[in-house]
Amino acid sequence: MTAAVEARARAEFDVEIRQQTSPLNADERQRALRDFDIVLPTLGDQFDAGSFAAVPQPRCRLLANFGVGFNHIDVAAARRAGIVVSNTPGAVTDATADIALTLMLMTARRAGEGERLVRSGEWQGWHPTQMLGTHLTGKHVGIVGFGRIGEAIARRCHFGFGMSVSYLARSDKSPGFPVSRAESLTALAAQVDVLVLAVPGGAETRHLISAEVLAAMRPHALLINISRGEVVDEAALIAALQAGALGGAGLDVYEFEPEVPEALRQMEQVTLLPHLGTATEEVRSAMGHLALDNVAAFLAGRPLISPV
Ligand code: NAP
């Protein structure tokens with residue numbers, strides 16, 4: 001937690017704050033459910049069905065997740081154990097959309113590669129055909145998942161870069177600027193210059209980006225993933241990039257995070273960030289405060305602010 005959130009938590013609640021940054025192990029998850037009224041878990045803390053089964057009479061009544069994505073929590077199993085779950089939507093939207101645009105620009109304009117060149121001391125100076133990238137302005141972006149973050153990405157693409165926007169979601173969207181809904185994922189993949197992933201993770205979207213979808217993309221097109229690593233079949237992505245089936249990729253998340261395959265790390269056409277989506281002081285504080293607002297509401301017997 002940021003210092004501001006930690007100070008508030010200590011002032012308002014009887015709190016134990018874990019200092020390690022690694023995910024909770026099985027013993028710690030059991031202790032969390034057994035000994036605490038409320039737990040604030042986050043990404044990586046695998047509260048799967050087995051975690052709840054291991055503690056038949058949990059003291060815990062609320063998992064106030066720090067983060068909008070909750071694919072690490074088996075919400076149905078939590079419910080069966082009498083535990084409700086909240087998350088932190090909204091607080092993360094703009095920062096995560098900004099990271100999507102960062103990845104789009106860095107990948108299209110070869111910014112990572114260029115930075116590595118300058119740092120290597122090997123740069124020979126400007127010339128008319130040095131490191132030519134892809135122009136983003138006016139191009140066609142396809143957004144998979146058009147919720148809070150997907151729409152914020154679309155808004156930046158439309159108003160900032162004059163891009164045309166298509167999307168895939170389960171329902172029709174009217175964001176107040178022109179967008180078109182794609183008929184299918186493969187149709188969307190085949191049309192666009194940049195395909196951006198903004199769906200939640202979990203069983204329903206696992207490997208949504210399959211070898212077939214990657215094969216539909218055009219050879220110059222870019223894949224950007226700020227959602228969850230498991231949404232992409234990473235082995236298929238590596239094969240497609242190696243075969244030149246798409247032009248490049250910008251990734252904030254990985255299928256077996258924090259493991260990033262050597263093959264990806266070796267490719268110049270790939271931008272790799274260490275899950276920076278919400279990583280600003282303001283946003284992490286806003287997320288922490290929203291998690292604590294949920295805790296306060298729960299303890300006061302009021303409805304949760306952002307229930308899952
Ligand atoms: P959201 O508002 O719930 O939006 C999710 C969108 O995905 C909705 O448009 C939904 O469609 C669509 N969707 C869900 N399942 C789908 C499916 N099977 N096929 C097609 N579309 C599907 O969530 P959000 O706040 O935008 O966040 C999205 C995800 O981003 C989070 O769950 C989290 O995993 C990830 N995230 C990553 C970072 C990071 O640090 N990189 C930061 C924040 C969030 P409908 O609208 O039609 O229901």
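Note that the structure is predicted; figures quoted are calculated from it, not measured. Both counts, for ligands and for their atoms, begin at 1 and track the order of listing.
At the top of the distance list for atom 12 (C) of ligand 1, counting protein heavy atoms only, stands Gly145 CA, 3.8 Å. Looking at atom 26 (O) of ligand 1, its nearest protein heavy atom turns out to be Ile149 N, 2.9 Å. If you check which protein heavy atom lies closest to atom 48 (O) of ligand 1, you get Arg170 NH2, 2.8 Å. If you check which protein heavy atom lies closest to atom 1 (P) of ligand 1, you get Arg148 NH2, 3.6 Å. In terms of protein heavy-atom proximity, atom 22 (C) of ligand 1 is nearest to Val199 CG1, 3.6 Å. Nearest non-hydrogen protein atom to atom 43 (C) of ligand 1 is Thr96 OG1, 3.4 Å.
Geometrically, ligand 1 and Lys173 share a nitrogen or oxygen pair separated by less than 3.5 Å. Residue contacts with ligand 1: Phe146 is placed with a nitrogen or oxygen under 3.5 Å of a nitrogen or oxygen of the ligand (distance criterion only).
Asp233 has no carboxylate O lying under 4.0 Å from a charged side-chain N of Arg206, or vice versa, which leaves the two without a salt bridge. The existence of a salt bridge linking Arg110 and Glu115 is excluded, since no basic side-chain nitrogen approaches an acidic carboxylate oxygen closer than 4.0 Å. A salt bridge does not link Asp45 with Arg29: none of the charged nitrogens is closer than 4.0 Å to a carboxylate oxygen. Remark: Arg265 engages Glu262 in a salt bridge, criterion side-chain N to carboxylate O under 4.0 Å. Taking 4.0 Å as the cut-off between side-chain N and carboxylate O, Arg31 and Glu16 count as a salt-bridged pair. In summary, Glu255 and Arg228 do not engage in a salt bridge, as defined by a charged side-chain N under 4.0 Å from a carboxylate O. A salt bridge between Arg59 and Asp35 is absent, with no side-chain N of the basic residue lying under 4.0 Å from a carboxylate O of the acidic one.
Under a 3.5 Å cut-off, the side chain of Arg302 and the backbone N or O of Phe298 do not form any donor-acceptor pair.
How far CG of Leu197 is from CG of Asp252: 11.5 Å, rounded to the nearest 0.5 Å.
For the residues Pro200, Gly202, Gly229, Ser171, the heavy atom positioned nearest atom 47 (O) of ligand 1 is part of Ser171. Counting only non-hydrogen atoms, the option in Gly147, Ala100, Ala152 that gets closest to atom 6 (C) of ligand 1 is Gly147. Comparing Thr205, Val253, Thr278 against atom 17 (C) of ligand 1, the shortest heavy-atom distance belongs to Thr205. Residue nearest to atom 41 (N) of ligand 1, selected from Leu276, Ile226, Val283: Ile226 (by heavy-atom distance).
Against a heavy-atom cut-off of under 4.0 Å, Ser227 is close to the following atoms of ligand 1: 34 (O), 35 (C), 37 (C). Near Gly69, the atoms of ligand 1 lying under 4.0 angstrom from a non-hydrogen atom of the residue are 32 (O), 33 (C), 34 (O). With ligand atoms numbered from 1 in the order given, ligand 1 contributes 18 (N) to contacts under 4.0 Å with heavy atoms of Glu204. The distance from ligand 1 to the heavy atoms of His275 drops below 4.0 Å at these ligand atoms: 39 (C), 40 (O), 41 (N).
The part of Val68 lying near ligand 1 is the side chain, judged by heavy-atom distances below 4.0 Å. Looking at Arg228 against ligand 1, only its side chain comes within 4.0 Å, counting heavy atoms. With a 4.0 Å heavy-atom cut-off, ligand 1 is reached by the backbone of Ala198 but not by any atom from C-beta on.
For Glu212, the CD atom counts as loosely surrounded, since its 6.0 Å shell holds 12 or fewer non-hydrogen atoms of other residues, nucleotides or ligands.
Aromatic ring pairs are classed by plane angle as parallel below 30°, tilted from 30° to 60° and perpendicular above 60°; the pair His158 and Phe177 is parallel.
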Report task. I would like to know whether Ser166 and Ser180 meet side chain to side chain donor-acceptor pair (under 3.5 Å); could you show each step before the answer? Result -> CA-CA 5 Å; Ser166 299; Ser180 63; 3.0 Å; yes
